[in-house]
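Read through the structure below, which is laid out as structure tokens, and then see the notes.
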Amino acid sequence: MPKKASPTFVCPVCESAVLTEPARSAKTGGGSFEICPCCGFQHGVDDDDKGITHAQARAAWRKAGAKWTSKTQPPPKGWAKTR
Amino acid sequence: MTEELASVEGAGGAQVTSATPGHDRPRDSAKVGDVNCLRVLLTVMAIWCLGLPGVSAVEISRGPLVQPTPTNAVIQWTTDTSAGGRVYFGLSVKQMDRRANADAVGTEHSVVLTGLKPGTTYWYTVGTARLALATNSFTAPGLSEARTESPAARPVVSAPVVRPEVTKSVVPPVAKAAFDPSKLQVPPARQTWGAPRSLADHFERHGADFAARTADDYAAQAWIFLRRAKAEGLPAKRDEEGVLRVYDPKTRAFASYNRDLTTKTYFKPGRRDYFDDQPGQPVDLNKLVP
């Protein structure tokens, strides 16, 4: 396996590789509680507590302009060009 | 020159007769050794040059996107600079021992994974030959339910896909000891919050649940909550990965902590059964929290 520059996992909602851990644990099934800095979906909370599906969250995020959500974590280089 | 080297290599270092016309004298072993040493040195230098770190700062700008079939999957992603493309994949995050290469160097990458089994979940990492850029998983459709979306895509009222550790919480007797947070010396947020970069986002979402004035105040309350949970014997469970989940049924406060007890999140769920549905086994916080 190649050396990792920094660990990045794909958010299943916005499909951006910006998560620091898998959205859900492959071992326990539990959500990571991480808030995606791109679409703002909090895994393990927006789904498990509020009942929002990934498809619903994705549609809402795109309808709102598919904007980067986090005010403190900047988007990766080149992210804006693909939106 | 190539012809000469080929003849030397084939002889395995023994005295050989050059294949080059006009050179009938056999080469001596010293010259054969020199040539072999040069070949080794050039090979090592080539490998070293290719392996130089920081040669490119490639980043993913889109994707990866997966299009699975029962036996194959197409994975596509875009990078901000031109690069080669490679996918490592396997049955678990720690066992991505198969690989597939993209056909060409560029910014648009497409790789086909073959030999998949229907209904099987695969983990994959996309990147270059020497750099991992993103990791995710997918399930090849087939006999079992496909998982191109995570289990959370289903309505929340349905049971999760694999939760062997889920148990109904058992509320232990509330400890009689009084808890006085004013006597605690709370460490700074950069020490108590698991992912400091994310604290502001969590505070923005959940700070109002606890009337937190600042992100640091919010982080401090989460740290204190764990100590109060220990003192008062609040329900707590820990899963196979060491993630701790704590709940106060009276205030409905919920917090999750990493294995090192740094905070992952702190909020008030709307569902009464939220904590019960979380993975993990009941745990005695007196044995975990100093």
Side-chain angles (χ1 to χ4, degrees), chain A residues 1-13 15-37 40-58 69-83, chain B residues 57 59-65 77-80 86 88 92-93 96 121 123 125 127-137 149-157 160-163 165 195 197-198 200-202 204-205 239-241 243 245 256 264-265 267 269-271 274 277-280:
Chain A
M1 280 288 294
K3 180 181 177 181
K4 287 191 174 181
S6 61
T8 51
F9 296 88
V10 177
C11 174
V13 172
E15 297 171 336
S16 293
V18 294
L19 300 181
T20 61
E21 55 183 312
R24 303 199 78 84
S25 165
K27 187 177 283 188
T28 69
S32 65
F33 302 112
E34 184 170 3
I35 298 174
C36 177
F41 192 89
Q42 185 171 14
H43 300 280
V45 176
D46 285 329
D47 37 18
D48 296 349
D49 184 40
K50 297 185 178 177
I52 302 173
T53 68
H54 291 173
Q56 290 170 339
R58 186 183 305 119
T69 302
S70 177
K71 293 173 185 162
T72 52
Q73 301 184 67
K77 188 174 62 174
W79 180 86
K81 293 179 184 176
T82 61
R83 294 295 182 272
Chain B
E59 290 186 13
I60 285 183
S61 55
R62 186 185 180 87
L65 302 175
W77 71 99
T78 304
T79 50
D80 61 337
R86 178 172 288 180
Y88 288 89
S92 72
V93 175
M96 289 185 274
T121 297
W123 284 85
T125 290
T128 68
R130 288 169 183 77
L131 192 64
L133 296 176
T135 298
N136 204 347
S137 65
E149 294 258 347
S150 87
R154 306 192 307 276
V156 72
V157 295
V161 175
V162 178
R163 297 272 179 94
E165 299 174 80
R197 293 190 331 160
S198 73
D201 291 337
H202 285 262
E204 185 174 352
R205 279 194 64 147
D239 66 22
E240 267 186 59
E241 295 183 334
V243 175
R245 293 166 170 86
S256 179
K264 292 173 74 71
T265 196
F267 76 108
R271 289 201 309 119
Y274 179 81
D277 289 342
Q278 293 293 304

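Sequence lines set the chain letters: A, B, ... in the order given, protein chains first and strands last, and positions in each chain run from 1.
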- Query: Side chain, backbone, both or neither: which part of B:Arg86 has a heavy atom under 4.5 Å from chain A?
  - Reply: neither
- Check whether the side chains of A:Glu34 and A:Thr20 place a donor and an acceptor atom closer than 3.5 Å, and report yes or no. yes
- Query: Among B:Pro269, B:Ala200, B:Pro64, B:Gly127, which residue forms the greatest number of heavy-atom pairs with chain A at distances under 4.5 Å?
  - Reply: B:Pro269
- Task: With a 4.5 angstrom heavy-atom cut-off, could you sort out which part of A:Gln42 is near chain B: side chain, backbone, both or neither?
- Result: both
- Apply side-chain contact (heavy atoms from CB on, under 4.5 Å) to the pair A:Phe41 and A:Thr69, showing each step before the final yes or no. CA-CA 9 Å; A:Phe41 192 89; A:Thr69 302; over 6 Å; no
- Message: Please evaluate residues A:Ser25 and B:Glu241 with respect to the criterion side chain to side chain donor-acceptor pair (under 3.5 Å), reporting the C-alpha separation (whole Å), side-chain torsions for both, the decisive distance (0.1 Å), and the verdict.
- Response: CA-CA 9 Å; A:Ser25 165; B:Glu241 295 183 334; 3.0 Å; yes
- side-chain contact (heavy atoms from CB on, under 4.5 Å) between B:Glu204 and A:Ile35, intermediate numbers included: CA-CA 11 Å; B:Glu204 185 174 352; A:Ile35 298 174; over 6 Å; no
- Non-hydrogen atoms of chain B under 4.5 Å away: do they reach the side chain of A:Val13, the backbone, both or neither? neither
- Note on the structure: Rounded to the nearest 0.5 angstrom, the CZ-NE2 distance for A:Phe33 and B:His202 is 10.0 Å
- Task: Under 4.5 Å, counting heavy-atom pairs only, tell me which of B:Arg205, B:Arg197, B:Arg245 racks up the most with chain A.
- Result: B:Arg205
